[in-house]
Amino acid sequence: MKILALSDVESKALWDFYSPQRLEGIDVIVSCGDLDPHYLSFLATFFQGPVLYVHGNHDGQYEEKPPEGCICIEDTVYEYEGVRFLGLGGSMRYKDGPWQFTQGEMKRRVMKLWPKIVLHRGFDVLVTHAPAWQINDHDNVVHTGFKAFRRLLEKYEPKLMLHGHVHLNYGMKAQRIRTLGQTAIVNAYEKYEAEI
């Protein structure tokens with residue numbers, strides 16, 4: 001399965017200069033958050049497969065105007081063509097606002113998901129906005145990763161984790177791809193094609 005992962009900044013190649021060939025061979029589009037809902041709706045209009053998304057810390061507007069034709073996978077396991085996607089959006093709480101959580105709050109969200117994870121016998125792709133603790137994150141509070149995500153990776157060893165939030169142009173030693181055990185961890189900033 002070929003996944004087009006998106007996050008944080010709208011790709012001009014996919015929006016301003018869109019052509020159908022850009023989505024050829026893609027099976028599913030996954031948004032890791034902080035994208036204009038019109039952008040995701042635009043892609044869903046032209047794409048034959050599902051467009052999945054989780055919320056970024058700047059996606060409060062989705063409450064009023066959710067991306068049309070897209071599937072929110074927050075706090076659930078969504079299965080497509082035999083591939084199981086687990087969605088957990090948001091970032092570390094650094095100010096008041098929606099889609100921001102403390103370490104404890106994210107841990108409780110993950111604990112509530114365990115019956116769904118057990119029912120689906122695990123998951124193949126972890127889709128988040130924030131990174132996992134000490135993997136592609138940074139030591140400032142805004143870009144700190146979640147410990148609960150790292151525990152999920154260590155316990156279930158999914159094939160892939162997709163996240164955003166840490167922009168690759170920040171100059172903070174951000175990396176596109178890392179690994180933890182058998183899991184490839186991809187920072188989906190702007191766009192990235194991954195295959196599992």
Side-chain angles (χ1 to χ4, degrees), residues 1-56 59 62 65-89 116-117 120-132 135-136 149 152-153 156-169 174-196:
M1 175 177 286
K2 190 174 278 192
I3 301 167
L4 176 61
L6 311 170
S7 192
D8 298 293
V9 62
E10 293 76 19
S11 169
K12 290 186 179 192
L14 294 174
W15 205 0
D16 296 349
F17 305 105
Y18 174 80
S19 71
Q21 297 89 332
R22 297 199 191 275
L23 298 178
E24 279 183 13
I26 301 297
D27 298 299
V28 61
I29 296 175
V30 176
S31 168
C32 296
D34 282 356
L35 291 170
D36 187 322
H38 297 98
Y39 173 61
L40 296 179
S41 298
F42 173 83
L43 291 173
T45 301
F46 295 102
F47 185 59
Q48 299 300 312
V51 178
L52 312 178
Y53 72 91
V54 296
H55 295 82
D59 287 337
Y62 284 21
K65 177 85 173 132
E68 295 176 5
C70 302
I71 302 166
C72 180
I73 61 168
E74 287 288 353
D75 300 315
T76 195
V77 178
Y78 176 85
E79 191 166 342
Y80 179 69
E81 303 267 330
V83 177
R84 301 157 297 174
F85 295 84
L86 173 64
L88 285 159
K116 292 179 183 178
I117 294 171
H120 287 88
R121 296 189 181 127
F123 56 95
D124 303 297
V125 183
L126 176 59
V127 180
T128 67
H129 180 62
I135 306 171
N136 282 352
F149 295 171
L152 280 170
L153 295 175
Y156 292 99
E157 296 186 326
K159 295 177 181 82
L160 183 63
M161 176 184 181
L162 302 171
H163 74 84
H165 192 51
V166 180
H167 296 205
L168 293 176
N169 62 357
Q175 292 183 341
R176 174 69 85 177
I177 302 172
R178 301 274 303 272
T179 57
L180 179 67
Q182 301 299 311
T183 306
I185 300 165
V186 175
N187 183 335
Y189 176 75
E190 186 180 353
K191 64 183 174 67
Y192 186 83
E193 289 184 22
E195 197 163 351
I196 62 167

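Taking all atoms of both residues into account, the shortest heavy-atom contact from Asp124 to Gly82 is OD2-O, 3.8 Å. Minimum interatomic distance between Leu35 and Asp8 (heavy atoms only, all atoms of both residues): CD2-N, 3.6 Å. Residues His120 and Glu79 share a closest heavy-atom pair of CD2-OE1, 3.7 Å. Looking at every heavy atom in both residues, Ala188 comes nearest to Cys32 through CB-SG, 4.1 Å. Taking each heavy atom of Thr183 and Met161 in turn, the nearest pair found is CG2-N, 3.9 Å. Closest heavy-atom contact between Leu14 and Phe42: O-CE2, 3.4 Å.
Residues satisfying the ring pair (Phe, Tyr, Trp, His ring centres under 6.0 Å) criterion with Tyr156, sequence neighbours excluded, are Phe123.
Put simply, the side chain of Thr179 never gets that close to the backbone of Gly181: no donor and acceptor are under 3.5 Å apart. The closest donor-acceptor contact from the side chain of Lys116 to the backbone of Asp75 lies under 3.5 Å. With hydrogens and angles disregarded, a donor-acceptor distance shorter than 3.5 Å links the side chain of Arg176 to the backbone of Tyr189.
Ring planes of Tyr53 and Tyr62: perpendicular class, angle over 60° (limits at 30 and 60°). Ring planes of Tyr39 and Trp15: tilted class, angle from 30 to 60°.
Note that CZ of Arg22 is 15.5 Å distant from CZ of Phe47, once rounded to the nearest 0.5 Å. A distance of 9.5 Å separates NE2 in His55 from OG in Ser31, rounded to the nearest 0.5 Å. The CG atom of Leu23 sits 9.0 Å away from the CD atom of Glu193 when rounded to the nearest 0.5 Å. Atoms CZ and NZ, from Arg84 and Lys159 in turn, are 6.5 Å apart once rounded to the nearest 0.5 Å.
A salt bridge does not link Lys2 with Asp27: every distance from a Lys NZ or Arg NE/NH1/NH2 to an Asp or Glu carboxylate oxygen is 4.0 Å or more.
Within a 6.0 Å sphere centred on CD of Glu195, other residues, nucleotides and ligands contribute more than 12 heavy atoms.
Counting heavy atoms from C-beta outward, His165 and Asn187 have side chains that stay 4.5 Å or more apart. Within the 4.5 Å cutoff, side-chain heavy atoms of Leu88 are placed close to those of Leu152. Annotation: side chain of Val54 is in contact with side chain of Ile73 (closest heavy-atom distance under 4.5 Å). Using a 4.5 Å cut-off on side-chain heavy atoms (C-beta onward), Ile29 and Leu40 make no contact. Annotation: side chain of Tyr80 is in contact with side chain of Met1 (closest heavy-atom distance under 4.5 Å). Residues Pro158 and Val125 fail the side-chain proximity criterion, which asks for heavy atoms closer than 4.5 Å. Annotation: side chain of Asp59 is in contact with side chain of Asp34 (closest heavy-atom distance under 4.5 Å).
A side-chain contact (heavy atoms from CB on, under 4.5 Å) with Tyr192 is found for exactly one of Leu6, Ile177, Ile3, namely Ile177.
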